[in-house]
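Right, one structure below, let's go through it.
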Protein chains: 2
Amino acid sequence: MALVALGRATGRLFTEALEPTGLKPRHLGVLGRLRLGPLTQQSLADAVHTDPTQLVALLNELEAAELVSRRRDPDDRRRHIVELSSAGSRRLAEAERRVEQAEQRLLAGLTLSERGQFAQVLGMIVANTGITIDCDSVTDASVDIDTC
Amino acid sequence: MALVALGRATGRLFTEALEPTGLKPRHLGVLGRLRLGPLTQQSLADAVHTDPTQLVALLNELEAAELVSRRRDPDDRRRHIVELSSAGSRRLAEAERRVEQAEQRLLAGLTLSERGQFAQVLGMIVANTGITIDCDSVTDASVDIDTC
DNA sequence: TATTGTTATACTCTATAACTATA
DNA sequence: TATAGTTATAGAGTATAACAATA
């Protein structure tokens, strides 16, 4: 179905748009969530619907780039508290800008009302089926930049 | 973006719907193309926009299941001519039925006119961007079962 | 004993290069 | 030498199980 192919193509588009930032879509999801505040790795994994096991690798990369920090939770030394750095905050903003530009290119041929309809239909499909989706703001009327 | 996640979820939906047939979406694309007539592997690879190298594995599986046959082209013995068997034809029909059912579930909440709008918008996005898509009938008004 | 984070393993997909047999 | 098909290899992405430290 065309929807699958278009989804893949869109994924490639976003991935390429992010390339200059050194981030991949999944990194963006993590950084975006951390902007709301520091989290434990477990709760972060839940929040971005990622396997805790895969989150480790993502965080290793983000930490190596000094975009996030990990520190032990003094209350429970098994836990790591993950926090967005100021560099991470800046990188996130830049990445979001690039993704938004890519999205503008993608939707260039559509009028505002068509974009609204499109977002609405996407939301309805998600809502009306048992489909589990990896990201949150699907019903966001602006088809906005949740790059989960 | 929601579109990416929905595309992935839809892909999983179709893949699962096909499981009882022992086929994967890519097999379906190959079988569907062969229904139009026998082809050389090269032209088949072109037709379904698949790497000739990956097509080999797909055809090995389809041939092992006796859904297609490969024979040398007498005019150029380097070439293989690939042909749909009658069993392949039946399996294809069954697979298409299952995919269509999955699609009905996916679009269950939408009215006919909403489905039309949706297909139209998908087509416009594809047409208005430089996106290369792996399948043909994207602009098909019925959002029909090209499972490429 | 259970939980947090980590490592190791494996399996699928995909992309690329090298090989064979024919031309 | 070039082409059709094949094989081998390596790289992402993902899922699962086992492990160390801590509770």
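Letters A, B, ... mirror the listed sequences (proteins, then strands); counts begin at 1.
Within the structure, salt bridge (Lys or Arg N to Asp or Glu O under 4.0 Å) contacts touching residues 43-62 of chain B (residues at least two apart or in different chains) do not occur. Listed by first then second residue, pairs satisfying salt bridge (Lys or Arg N to Asp or Glu O under 4.0 Å) with a partner in residues 28-40 of chain A read A:Arg35-A:Glu96, not counting sequence neighbours.
Within the 4.0 Å cut-off from OP1 or OP2 of D:dA21, not a single side-chain nitrogen or oxygen of A:Arg79 is found. OP1 or OP2 of D:dT6 has at least one side-chain nitrogen or oxygen of B:Arg70 nearer than 4.0 Å. Using a 4.0 Å cut-off, no side-chain N or O of B:Lys24 falls inside it from OP1 or OP2 of C:dT12. The shortest distance between the side-chain N/O atoms of B:Gln54 and the OP1/OP2 oxygens of C:dA15 is below 4.0 Å.
Candidate nucleotides C:dT4, D:dG5, C:dT7 were compared by shortest atom distance to the side chain of A:Val56, and C:dT7 ranks first. Closest to the side chain of A:Gln41, from the set D:dT16, C:dT6, D:dG5, is C:dT6. Of the listed nucleotides (C:dA23, D:dT22, D:dG13), D:dT22 has the atom at the smallest distance from the side chain of A:Arg78.
For A:Glu94 and A:Arg90, the salt-bridge test fails: no basic side-chain N is under 4.0 Å from an acidic carboxylate O.
Remark: the B:Thr53 side chain and the D:dT7 base include a donor-acceptor N/O pair separated by less than 3.5 Å.
Scanning both residues, A:Leu18 and A:Pro25, for their nearest heavy atoms gives CD1-N, 3.6 Å.
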